[in-house]
A.B. asks: 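Would you mind keeping the following structure in view while I ask a few things?
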There are 2 protein chains.
Amino acid sequence: MKPLSIKDIAKKANVSITTVSFILNGKAEKMRISQEMIAKVEKIIKELGFKPNQVARSLRTGNTKTIGLIVEDISNPFFASIARLIEDKAYKHGYKIIYSSTENNLDKARGLIKMFKSRQVDGYIIAPMVGMEEDIRELLTDRTPVVVFDRNLPGLEVSSVLIDNVEGAFLATQFLIQKGKKNIAFVNVDVEVKQIKDRFTGYEKALKASKIKADPNICKLIPFSNTAEETTNDLIDFFTANPQIDAVLFGTNYLAVRGLFCFKEMNKKIDKDFKVIAYDDHDIFQLHSPSISAVEQPTEEIADQVISLILKGLTISESFEEQQLNKVVLSSRLIER
Amino acid sequence: MKPLSIKDIAKKANVSITTVSFILNGKAEKMRISQEMIAKVEKIIKELGFKPNQVARSLRTGNTKTIGLIVEDISNPFFASIARLIEDKAYKHGYKIIYSSTENNLDKARGLIKMFKSRQVDGYIIAPMVGMEEDIRELLTDRTPVVVFDRNLPGLEVSSVLIDNVEGAFLATQFLIQKGKKNIAFVNVDVEVKQIKDRFTGYEKALKASKIKADPNICKLIPFSNTAEETTNDLIDFFTANPQIDAVLFGTNYLAVRGLFCFKEMNKKIDKDFKVIAYDDHDIFQLHSPSISAVEQPTEEIADQVISLILKGLTISESFEEQQLNKVVLSSRLIER
DNA sequence: TGCTTTTTATTAAACGGTTACATTAATGAT
DNA sequence: ATCATTAATGTAACCGTTTAATAAAAAGCA
């Protein structure tokens with residue numbers, strides 16, 4: 001049985017499809033459709049439970065009321081919770097989200113943008129990876145609203161919602177220094193993103209501020225492509241080789257979790273003589289014995305800002321005005337445990 | 001600058017749009033378009049980077065190559081990881097996912113189905129909630145492929161991928177009994193879903209098998225609407241009031257995490273005298289000291305089965321055949337820690 | 001009354017593809 | 001030479017909306 005169309009409604013109400021369309025879109029008043037007519041048609045629409053075909057509508061109007069969300073991995077708790085908040089807020093404004101994970105694969109990422117384009121998504125929310133610059137720039141010249149978050153790409157002028165990673169890492173490192181630590185290791189993931197480098201900068205800055213000289217030997221980069229087990233093993237090797245380390249700052253929550261596994265396996269106690277702090281919080285850190293301090297990223301605020309920027313961009317693009325550049329930088333919060 | 005259309009390609013190649021369309025859709029051979037023509041047109045398409053407008057295509061063909069995913073909460077690790085796997089596999093078959101969280105709100109859930117319908121999604125993957133029966137039945141009579149997973153609804157004949165919850169809870173309880181426990185509490189979430197009841201059934205069954213009589217006083221239901229803090233407090237009250245409890249089975253990983261917070265706050269040791277086991281695993285359980293046993297759900301296999309069922313349904317519906325009913329039940333695995 | 005203005009509703013052209021059907025040119029059969 | 005067949009491409013209808021343009025009827029006004 002074919003789904004209802006505006007034609008069926010029109011026939012049933014004995015009016016033209018235009019009238020129905022006007023009523024559906026709240027343009028009835030403006031088009032001076034009589035109240036009785038409106039009431040009559042609306043009754044029929046409700047009775048039959050008619051919902052206009054969004055695909056046809058999109059074809060005609062050019063907008064799909066859909067936002068494309070591209071992240072590294074939707075199952076990562078950070079992205080998952082952002083995705084949830086974004087979806088919720090977008091929904092309230094009549095937008096739906098199509099998501100995709102790049103898995104840090106540039107070809108897939110670029111393919112996704114192409115695919116989203118062919119599906120005419122109205123706007124893009126992207127946690128970008130190196131190599132996407134040109135594709136994003138292309139979107140911008142088409143006046144498509146784009147908001148990047150979590151990371152940005154050097155030389156790319158696009159609206160963004162970022163965390164002050166220098167500050168966060170600075171606070172975390174300072175915290176360890178205040179606890180009297182001298183040999184503070186820094187463990188980070190090895191990807192070419194400013195965000196990641198900033199964390200290192202913050203770490204260095206805090207050391208310098210306290211006149212501690214940074215030791216490159218206790219700064220460890222873990223390949224992104226590592227499996228969980230490989231990472232744990234790399235960390236075991238690292239900490240075994242550097243017993244002088246008396247504190248560690250982990251650059252991501254994922255790495256810190258691996259670190260905890262590593263310490264468990266090594267039977268290495270976390271206590272006043274060996275401190276651990278993580279960038280990006282996680283339930284585990286609160287529950288762990290002893291509990292682990294962390295730099296918390298304001299997930300909800302990130303989602304809020306992202307969605308409000310994209311919605312702003314969307315209304316701007318509807319009115320054919322020029323897109324504006326908005327750069328939001330949020331602070332992270334040190335949770336001392 | 002307006003995006004390219006098939007007309008632009010046709011003009012450039014000096015052919016009709018039909019020819020271009022045939023070539024785009026791989027029907028060139030069947031339509032006996034000459035090789036030189038094909039080569040010429042394909043060259044132009046590649047040069048200009050033309051991608052056909054999927055919206056127009058959808059309007060004409062009636063399928064959007066889109067699957068709607070409805071879960072309770074996309075940020076829940078279980079659903080997030082399923083979402084990731086499903087997206088990945090769907091992508092490989094040319095399908096995209098639109099997702100939404102019901103937040104256990106029936107009105108929202110039903111609204112989502114309506115919205116997905118109006119967007120003409122080709123198929124539905126749903127972790128359903130009570131009250132959606134009629135909406136799902138409607139989809140089925142329209143011959144739309146639907147696969148439910150994680151839970152099913154009584155009286156609803158739809159393809160499903162489920163876990164044997166009776167078995168899982170049985171194994172978990174049996175494990176505690178074998179450790180010599182006599183007063184085994186059961187903590188679960190208070191929602192009207194068979195899945196949840198099954199876990200209780202498994203618990204009861206194991207007790208009965210060992211001739212332990214179940215004590216309703218140490219079976220606790222936590223309201224779904226609780227905040228995390230409320231849950232922790234409820235649990236503290238519960239365990240304080242029932243000091244005789246020597247082991248607990250938590251019905252969901254989320255509740256078990258709350259339980260761990262509760263025990264931490266109560267200063268209650270988890271050891272050979274007080275055992276804890278969780279339904280559905282979580283990184284935290286492995287890392288916790290002591291580590292927590294759990295019943296692990298086979299996420300990847302669930303995703304595999306779900307996607308393969310939905311793809312099967314999708315090809316069936318393309319060929320206008322009758323949809324078949326497939327019921328897959330997977331086992332969960334006891335992880336003893 | 002005859003003309004303009006306002007009110008109310010309709011007609012028809014898009015939007016960008018797909019595809020049944022029509023057309024033309026070339027080849028083959030008789 | 002004539003007609004049927006096949007190869008290769010084009011024409012136009014259609015998918016379900018939105019919306020500019022227009023028409024018809026009612027009202028206002030001299």
Side-chain angles (χ1 to χ4, degrees), chain A residues 1-42 44-45 48 50-66 94 115 117-122 318, chain B residues 1-42 44-45 48 50-66 117-122 318:
Chain A
M1 188 178 36
K2 268 183 56 162
L4 291 171
S5 89
I6 202 171
K7 260 184 210 154
D8 302 310
I9 306 296
K11 198 171 290 172
K12 202 122 201 160
N14 235 319
V15 296
S16 75
I17 58 169
T18 307
T19 307
V20 179
S21 175
F22 285 153
I23 293 172
L24 277 171
N25 293 291
K27 298 194 176 169
E29 321 279 69
K30 211 168 64 189
M31 291 307 176
R32 294 176 271 224
I33 307 290
S34 64
Q35 287 305 319
E36 30 188 348
M37 179 106 290
I38 296 182
K40 176 175 147 199
V41 174
E42 273 179 345
I44 294 179
I45 290 174
L48 274 58
F50 168 70
K51 281 268 178 203
N53 180 326
Q54 181 60 39
V55 172
R57 195 175 250 187
S58 295
L59 177 59
R60 175 63 226 229
T61 62
N63 51 49
T64 53
K65 291 279 177 185
T66 303
M115 169 158 261
K117 254 191 194 171
S118 84
R119 285 171 176 266
Q120 320 290 118
V121 305
D122 296 341
E318 266 178 46
Chain B
M1 186 176 39
K2 270 184 51 164
L4 290 172
S5 90
I6 201 171
K7 263 184 210 155
D8 301 311
I9 305 297
K11 199 171 291 172
K12 201 121 201 160
N14 237 320
V15 296
S16 76
I17 58 169
T18 308
T19 307
V20 179
S21 175
F22 284 154
I23 292 172
L24 276 172
N25 293 292
K27 298 193 176 169
E29 321 279 68
K30 210 168 61 187
M31 292 308 175
R32 296 176 271 219
I33 308 290
S34 62
Q35 286 306 319
E36 27 187 350
M37 179 105 291
I38 296 182
K40 176 175 149 200
V41 174
E42 273 178 345
I44 294 178
I45 290 175
L48 274 59
F50 169 70
K51 281 266 176 204
N53 181 326
Q54 179 62 39
V55 172
R57 194 176 251 186
S58 295
L59 178 59
R60 177 64 229 233
T61 62
N63 51 48
T64 53
K65 291 279 177 186
T66 302
K117 252 190 195 174
S118 83
R119 287 171 175 267
Q120 321 290 120
V121 307
D122 297 340
E318 266 177 46

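Numbered from 1 within each chain, the chains take letters A, B, ... in sequence-line order. Computation of the quantities below employed the complete heavy-atom set of this structure, encompassing side-chain atoms and omitting hydrogens, waters and symmetry-equivalent molecules. Keep in mind that what you see is a predicted model, and the values were worked out from it rather than measured.
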A.B. asks: State, to 0.1 Å, how close B/Val55 and A/Ser58 come at their nearest heavy-atom pair, and which atoms those are.
C.D. replies: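 Answer, listing the atom of B/Val55 first, then A/Ser58: CG1-CB, 3.8 Å.
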
A.B. asks: List in chain and number order the residues that pass side-chain hydrogen bond (donor to acceptor under 3.5 Å, both in side chains) with A/Arg60, two or more places apart in sequence or in another chain; answer none if no residue qualifies.
C.D. replies: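 For A/Arg60, no residue satisfies side-chain hydrogen bond (donor to acceptor under 3.5 Å, both in side chains) once neighbours in sequence are set aside.
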
A.B. asks: How bent is the helix from C/dT1-D/dA30 to C/dT30-D/dA1, measuring the angle between the end axes built from five pairs each, rounded to 10°?
C.D. replies: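 So the angle between the two local helix axes works out to 70°.
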
A.B. asks: Among all residues two or more places apart in sequence or in another chain, which pass the side-chain hydrogen bond (donor to acceptor under 3.5 Å, both in side chains) test with B/Thr61?
C.D. replies: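 Scan of B/Thr61 (side-chain hydrogen bond (donor to acceptor under 3.5 Å, both in side chains), adjacent residues dropped) gives B/Asn63.
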
A.B. asks: For A/Val55, answer base if it contacts any base atom (sugar-phosphate contacts may also be present), sugar-phosphate if it contacts only those atoms, and nothing otherwise; contact means non-hydrogen atoms under 4.0 Å.
C.D. replies: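 It contacts nothing in the nucleic acid.
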
A.B. asks: Checking A/Lys117 now: which residues fulfil side-chain contact (heavy atoms from CB on, under 4.5 Å) with it, not counting sequence neighbours?
C.D. replies: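 So A/Lys117 forms a side-chain contact (heavy atoms from CB on, under 4.5 Å) with A/Tyr124, A/Glu138, A/Leu139, A/Asp142.
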
A.B. asks: At a cut-off of 3.5 Å, list every protein nitrogen or oxygen paired with a nitrogen or oxygen from nucleotides 23-29 of chain D, distance to 0.1 Å.
C.D. replies:
none

A.B. asks: Mapping A/Lys7 and A/Leu24 onto DNA chain D by nearest heavy atom, which one lands closer to the 5' end?
C.D. replies: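 Its nucleotide being nearer the 5' end, the pick is A/Lys7.
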
A.B. asks: Measure from CG on A/Asn53 to C1' on D/dC15 and round the result to the nearest Å.
C.D. replies: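 Rounded to the whole Å, the gap is 8 Å.
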
A.B. asks: Could you list the residues that satisfy side-chain contact (heavy atoms from CB on, under 4.5 Å) with B/Gln35, not counting sequence neighbours?
C.D. replies: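 side-chain contact (heavy atoms from CB on, under 4.5 Å) list for B/Gln35, sorted by chain: B/Glu29, B/Ile38.
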
A.B. asks: So does A/Ala13 get a backbone contact from the side chain of A/Lys40, meaning a donor-acceptor N/O pair under 3.5 Å?
C.D. replies: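 Yes, A/Lys40 side chain to A/Ala13 backbone: donor-acceptor pair under 3.5 Å.
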
A.B. asks: Whether the A/Thr66 and B/Arg119 side chains hold a donor-acceptor pair (N or O, under 3.5 Å, no angle test) is what I'd like checked.
C.D. replies: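 Their side chains do contain a donor-acceptor pair, which is all the 3.5 Å distance test asks for.
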
A.B. asks: Under a criterion of less than 4.0 angstrom to any heavy atom of chain A, what are the 5'-terminal and 3'-terminal contacting nucleotides of DNA chain C?
C.D. replies: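 Contact span on the strand: C/dT7 to C/dG16.
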
A.B. asks: Working to the nearest 0.5 angstrom, can you tell me the gap between B/Asn53 CG and A/Leu59 CG?
C.D. replies: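 If I round to the nearest 0.5 Å, the distance is 6.5 Å.
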
A.B. asks: Contact list please: residues 25-42 of chain A against DNA chain D, heavy atoms, distance less than 4.0 Å, in numerical order.
C.D. replies: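 A/Asn25, A/Lys27, in order of number.
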
A.B. asks: Tell me: CZ of B/Arg57 to C1' of D/dG16, nearest whole Å?
C.D. replies: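 It is 19 Å, rounded to the nearest whole Å.
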
A.B. asks: If the condition is side-chain hydrogen bond (donor to acceptor under 3.5 Å, both in side chains), which residues does A/Lys65 pass it with, not counting sequence neighbours?
C.D. replies: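 side-chain hydrogen bond (donor to acceptor under 3.5 Å, both in side chains) list for A/Lys65, sorted by chain: empty.
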
A.B. asks: Please list, pair by pair, any protein nitrogen or oxygen found under 3.5 Å from a nitrogen or oxygen in nucleotides 11-13 of chain D.
C.D. replies:
{"unit_1": "D/dT11", "atom_1": "O4", "unit_2": "B/Thr18", "atom_2": "OG1", "d": "2.5"}

A.B. asks: Can you measure from CE (B/Met31) to CZ (B/Phe22) and round to the nearest 0.5 angstrom?
C.D. replies: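 With rounding to 0.5 Å, CE (B/Met31) is 4.0 Å from CZ (B/Phe22).
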
A.B. asks: Which pair of heavy atoms, one from A/Leu48 and one from A/Leu4, lies closest together, and at what distance?
C.D. replies: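 Heavy-atom minimum between the residues: O-CD1, 3.4 Å.
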
A.B. asks: What heavy-atom pair brings B/Thr64 and B/Asp122 nearest, and what distance separates the two atoms?
C.D. replies: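 Closest heavy-atom pair between B/Thr64 and B/Asp122: N-OD1, 2.9 Å.
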
A.B. asks: Only counting residues at least two apart or in another chain, list the ones meeting side-chain hydrogen bond (donor to acceptor under 3.5 Å, both in side chains) with B/Gln120.
C.D. replies: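 None.
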
A.B. asks: Where do A/Phe50 and A/Leu24 come nearest, in terms of heavy atoms and distance?
C.D. replies: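 Closest approach of A/Phe50 to A/Leu24: CE2-CD1, 3.6 Å.
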
A.B. asks: B/Ser21 near the nucleic acid: base, sugar-phosphate alone, or nothing, with a heavy-atom cut-off under 4.0 Å?
C.D. replies: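 Counting heavy atoms under 4.0 Å across all strands, the contact made by B/Ser21 includes a base.
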
A.B. asks: Which pairs with one or both residues in residues 8-21 of chain B pass side chain to side chain donor-acceptor pair (under 3.5 Å), sequence neighbours excluded?
C.D. replies: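 For residues 8-21 of chain B, and leaving out neighbouring residues, the side chain to side chain donor-acceptor pair (under 3.5 Å) pairs sorted by first residue read B/Ser16-B/Thr19, B/Ser21-B/Asn25.
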
